[in-house]
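Structure first, then comments.
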Protein chains: 2
Amino acid sequence: METHRTDTTGRILDVSERLFVEHGFEGTSLRMITQQAEVNLAAVNYHFGSKDALFDAVFIRRLGPLIADCLAELEQLKALARPGVSDLLMTFIRPCLSLSKDPARGGAMFVRLLSRTLVENHRDLRETVSQQYGVFVERYAEAFQRVLPDLDAVERDWRMHFAFGVMFNAFAGNDVLKIFTRSQIVSARDPDQIVKHLLPFVVSALQAGAPQ
Amino acid sequence: METHRTDTTGRILDVSERLFVEHGFEGTSLRMITQQAEVNLAAVNYHFGSKDALFDAVFIRRLGPLIADCLAELEQLKALARPGVSDLLMTFIRPCLSLSKDPARGGAMFVRLLSRTLVENHRDLRETVSQQYGVFVERYAEAFQRVLPDLDAVERDWRMHFAFGVMFNAFAGNDVLKIFTRSQIVSARDPDQIVKHLLPFVVSALQAGAPQ
DNA sequence: GTCTATACCGTGATAGAC
DNA sequence: GTCTATCACGGTATAGAC
């Protein structure tokens, strides 16, 4: 790890992150990247193998620390005598908010890119991520079991699935109703505002009675 | 509207729908479409203007009837003395289930394509849709007001926003946790199974107490 | 090992002949 | 309306310079 930033792969990563966030994956060409990073076109394929692999590298550089933060918060949760649904959700929400406020790690725009990548069906990323970060889902499944012990296991999995779906969707800034109306339904892009409305919604959803 | 199926635009639409559903938008090339539809490559741009516009045409051909069904169900809701949150949600869910079971209208795969298109940030589709189908959101906003009269207006908008987000995400078959684990969290692809778990989740979420 | 120049093939789009 | 030819741009592969 060199300290000086003449490193080719580092410049490619930094420029790629900014352009992927600004223009999305399809909207960013390798020629845009290599031009702004002042490296040769072939450098990307030499160092990363492909455009897909480059995206994975950009993505995982931020995902790793985020997941580490979440798992650390989950550990602290064990110290609580009787943690509630809200406590559990905040172990995920707090690191996301923290990341969204740290421009050095990509800031709010990167959280959007990250969430959108998860919500959409992004490429082969699964292979890389599941091996390294499968523990993320395992730990949260255990925590959900502790917080919602009376719920059927299958039903609990569905709710965890739905809950992460809403939260990632919210952080992605997606608005499925947006195409139907000229004015946005919800105006706020501020993550804190989003969480304020999001949290009671998800908490109540998770505490619903069992179906049938 | 010709009855015989030698019509060029009709063949393009039918083939496009199948290929978009199978391979997605980016994964479907105009050359694949024109080859299977047995028309010339330039025919697409002549009849539709662009690949984007072709997708819009395919999309709106199914969206129109679906929205009409939902609005019809909303009208019937007015006859109920005191409709509940569940009744309201079913005016949207029933037409979606119906569409997903009708292969002649694209079936379950098309519902996934439709939901994914809404969840993702698809192109200029907004211009076309908002003018014709803006009424969809207006009517549902009114219905939410009737069913949840005690809720603050802003809070109600947020919940409607979140609620449609979960539902479209569920119908899209998206699983944000999928990339973290080899085995799917939730296995069922059957729309009825999805709704069974989805409905109580969303109903409870919408009935949450106001934040702070 | 690292970087460069360049060529290859598939993509969506378009002009102009018929 | 239809078709052919052609264009610019995309990701990728490779030969060869340092």
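Naming: A, B, ... by sequence-line order, numbering from 1 per chain.
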Verify salt bridge (charged side-chain N to carboxylate O under 4.0 Å, His left out) between A:R159 and A:E155, making sure each step is shown before the conclusion.
CA-CA 6 Å; A:R159 297 211 182 157; A:E155 181 65 21; 3.0 Å; yes
Check your understanding: Would you call the rings of B:H161 and B:W158 parallel, tilted or perpendicular if under 30° counts as parallel and over 60° as perpendicular?
Key -> perpendicular
B:L54 atom CG is separated from C:dT11 atom P, nearest whole Å, by 15 Å
task: Answer yes or no: is there a donor N or O on one side and an acceptor on the other, between the side chain of B:R31 and the main chain of B:L41, under 3.5 Å?
output: no
Does any N or O donor sit under 3.5 Å from an N or O acceptor when you compare the side chain of B:R31 with the base of C:dG12? yes
Between A:L198 and A:A170, the two heavy atoms sitting closest are CD2-CB, 3.9 Å
* Would you find a donor on one side and an acceptor on the other, under 3.5 Å apart, between the side chain of B:S98 and the backbone of B:R94? -> no
Next item on the list: Give the intermediate values and the outcome of salt bridge (charged side-chain N to carboxylate O under 4.0 Å, His left out) for residues B:R61 and B:D14.
Entry: CA-CA 11 Å; B:R61 183 166 67 145; B:D14 290 340; 3.1 Å; yes
Note: contacts of residues 36-48 of chain A with DNA chain D (heavy atom, under 4.0 Å) are A:L41, A:A42, A:N45
When rounded to whole Å, the CE to P distance for the pair B:M32 and C:dT11 reads 8 Å
Under 3.5 Å donor-acceptor, B:R139 side chain and B:G134 backbone: no
ask   = With under 30° as parallel and over 60° as perpendicular, where do the rings of B:F168 and B:F92 fit, or are they tilted in between?
value = perpendicular
(request) Please work out if A:T28 contacts a base, only the sugar-phosphate, or nothing of the nucleic acid, heavy-atom cut-off 4.0 Å. (result) sugar-phosphate
Checklist line | Donor-acceptor contact below 3.5 Å, side chain A:R105 vs main chain A:L66 | finding: no
Review point. Using the ring of each side chain (for Trp, its six-membered ring), is B:F164 parallel, tilted or perpendicular to B:Y140, with breaks at 30° and 60°?
Key: perpendicular
Overall bend of the helix from C:dG1-D:dC18 to C:dC18-D:dG1 (five pairs an end, 10° steps) is 10°
| message | Please check: side-chain N/O of A:N174 versus main-chain N/O of B:V119, any donor-acceptor pairing under 3.5 Å? | response | yes
Outer limits of DNA chain D sitting under 4.0 Å from a non-hydrogen atom of chain B, read 5' to 3', are D:dG1 to D:dT4
note: B:K51, atom NZ; C:dT11, atom P; distance rounded to Å ~ 9 Å
